[in-house]
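Worksheet for the structure shown next.
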There are 2 protein chains.
Amino acid sequence: MGLLHPGREEIELPRVLHALSDPQRLSIVRTLAEDSCERRCGSFGLEVTKSTLTHHFRVLREAGVIDQREEGTARLNSLRREDLDARFPGLLAAVLASCALGEPLAASAG
Amino acid sequence: MGLLHPGREEIELPRVLHALSDPQRLSIVRTLAEDSCERRCGSFGLEVTKSTLTHHFRVLREAGVIDQREEGTARLNSLRREDLDARFPGLLAAVLASCALGEPLAASAG
DNA sequence: CCATAAATACGGCAAACGTCGTACAATGTG
DNA sequence: CACATTGTACGACGTTTGCCGTATTTATGG
């Protein structure tokens, strides 16, 4: 299975904004941004089903916000920070700074 | 009719991101940002129906992105730049800079 | 081989979205 | 007054969204 990721130049602003416009996905991105290491899909402390989680991760990946790579049975997620910064300078930082002022992050067990 | 605008502190990030995630609305915001004066709803050169236009302006207004005030039969739109900057510093600038690199603005007759 | 763990795929469902058409209200202008 | 201008209200439509449950895939461990 391909794990389709858009190339850097294919990342589109409306799609990124839409991907970030959901609280669950925003929480995922915040968690990924906090400690810049790869995380399994199940380690984000979100209170939704695994199927729903899969859906959100796909939206983020297809928008170009996150990178997913397979390792064993797990799927490791990381933020595409460089690509996003290159394409939309300052956007990610502004979003992260903005939601840092809002509700706290979900209890995400490491 | 009330013309409901959220107060500055009521503006929510996911809602703003969602409002900006539509190409038509993004075009509206870009146009408003280019020359910081008030514009009528019909003056944005968008190729959608008036009803659709009304819908998009309402989404932007209720998200706290634009201000609308009535004057005669017209409705004058302006960007809530200060409120957005106060609440989400750098966000608007990043979005505007990002889409400036993309497709050009619709032909918006003054 | 069997069981467990991590995540997907598929299908379904209610709600929201973007769009439109028609009808309507409010304000000018002849 | 009649008429054009500007925009809303309402209802409709097809699509997408976010969510779930169940079945399935793909490794890892006994």
Side-chain angles (χ1 to χ4, degrees), chain A residues 1-5 12-29 31-32 37-63 65-78 106 108-110, chain B residues 1-5 12-29 31-32 37-63 65-78 106 108-110:
Chain A
M1 185 182 310
L3 262 311
L4 293 184
H5 292 79
E12 293 164 4
L13 182 61
R15 198 155 186 177
V16 170
L17 294 176
H18 172 252
L20 297 177
S21 74
D22 179 89
Q24 309 273 15
R25 293 195 290 263
L26 207 43
S27 176
I28 292 173
V29 171
T31 303
L32 285 176
C37 65
E38 296 173 311
R39 294 183 80 105
R40 288 180 297 105
C41 292
S43 74
F44 288 80
L46 298 182
E47 291 182 342
V48 287
T49 317
K50 285 199 296 180
S51 348
T52 303
L53 224 42
T54 298
H55 162 69
H56 284 311
F57 280 106
R58 185 177 55 228
V59 171
L60 286 170
R61 171 169 47 81
E62 292 181 348
V65 176
I66 66 170
D67 182 273
Q68 290 191 297
R69 68 181 186 89
E70 293 173 334
E71 182 163 298
T73 80
R75 188 161 287 192
L76 296 180
N77 304 278
S78 56
S108 54
Chain B
M1 184 180 311
L3 261 310
L4 294 183
H5 292 78
E12 292 164 4
L13 181 61
R15 198 153 186 180
V16 169
L17 294 175
H18 172 252
L20 296 177
S21 73
D22 179 88
Q24 308 273 16
R25 292 194 291 263
L26 208 42
S27 177
I28 292 172
V29 171
T31 303
L32 285 176
C37 64
E38 297 173 309
R39 294 184 78 104
R40 289 179 297 104
C41 293
S43 73
F44 289 80
L46 298 181
E47 291 182 342
V48 287
T49 316
K50 285 196 298 178
S51 351
T52 303
L53 222 43
T54 298
H55 162 68
H56 285 311
F57 280 106
R58 186 178 56 227
V59 171
L60 287 169
R61 171 168 48 81
E62 292 180 348
V65 176
I66 67 170
D67 182 273
Q68 291 192 296
R69 68 180 186 91
E70 294 174 332
E71 183 164 298
T73 81
R75 188 162 286 193
L76 296 180
N77 304 278
S78 56
S108 55

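Every chain is numbered from 1, with letters handed out A, B, ... down the list of sequences. Only a predicted model underlies this, so the values are computations on that prediction, with no experimental measurement involved.
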Which nucleotide sits closest to the side chain of A:K50: C:dA7, C:dT19, D:dT5?
C:dA7
Could you tell me whether A:V48 contacts a base, only the sugar-phosphate backbone, or nothing, with contacts defined as non-hydrogen atoms closer than 4.0 Å?
sugar-phosphate
For DNA chain D, whose closest nucleotide is more 5', that of A:R25 or that of B:H55?
B:H55
Mind calculating the distance between CG (A:L53) and P (D:dC20) to the nearest angstrom?
10 Å
Would you say the side-chain atoms of A:R40 pair up with the backbone N or O of A:A74, donor to acceptor, closer than 3.5 Å?
no
Could you check how far CD of A:E47 sits from P of D:dC19, rounded to whole Å?
12 Å
For the backbone of A:R39 and the side chain of A:N77, can you confirm whether one donor and one acceptor N or O come within less than 3.5 Å of each other?
yes
Counting only side-chain N and O atoms of A:R58, is one of them less than 4.0 Å from OP1 or OP2 of C:dT8?
no
Does any N or O in the side chain of B:H5 come within less than 3.5 Å of the main-chain N or O of B:L3, such that one atom is a donor and the other an acceptor?
yes
When you measure from the side chain of B:T54, which nucleotide among C:dT8, C:dC17, D:dT8 comes out closest?
D:dT8
Rounded to whole angstroms, how far apart are CG on A:L3 and P on C:dA7?
12 Å
OP1 or OP2 of D:dC19 less than 4.0 angstrom from a side-chain nitrogen or oxygen of A:H56, does that happen here?
yes
Of the nucleotides C:dG21, D:dC20, D:dG7, which one has an atom closest to the side chain of B:S51?
C:dG21
Check the distance between D:dT5's P and B:E71's CD and give it to me in whole angstrom.
19 Å
Less than 4.0 angstrom between a side-chain N/O of B:R75 and OP1 or OP2 of D:dT6, yes or no?
no
Determine yes or no for a side-chain-to-main-chain donor-acceptor pair under 3.5 angstrom, with A:T31 supplying the side chain and A:S27 the backbone.
yes
For B:T52 and C:dC20, is the shortest distance between a side-chain N/O and OP1 or OP2 below 4.0 Å?
yes
Looking at B:F57, does the NZ or CZ of B:R75 lie under 6.0 angstrom from its six-membered ring centre and within 45 degrees of the ring axis?
no
A:Q68 has an atom CD; how far is it from atom C1' of C:dA6, in whole Å?
12 Å
Tell me the interatomic distance from A:E70, atom CD, to D:dT28, atom C1', rounded to whole angstroms.
15 Å
Output yes when at least one side-chain N/O atom of B:T49 is less than 4.0 Å from OP1 or OP2 of C:dC20, else no.
yes
May I have the distance from A:R69 (atom CZ) to C:dA6 (atom P), rounded to whole angstrom?
17 Å
Taking atom P of D:dT8 as reference, at what distance in whole Å does atom CD of B:E62 sit?
12 Å
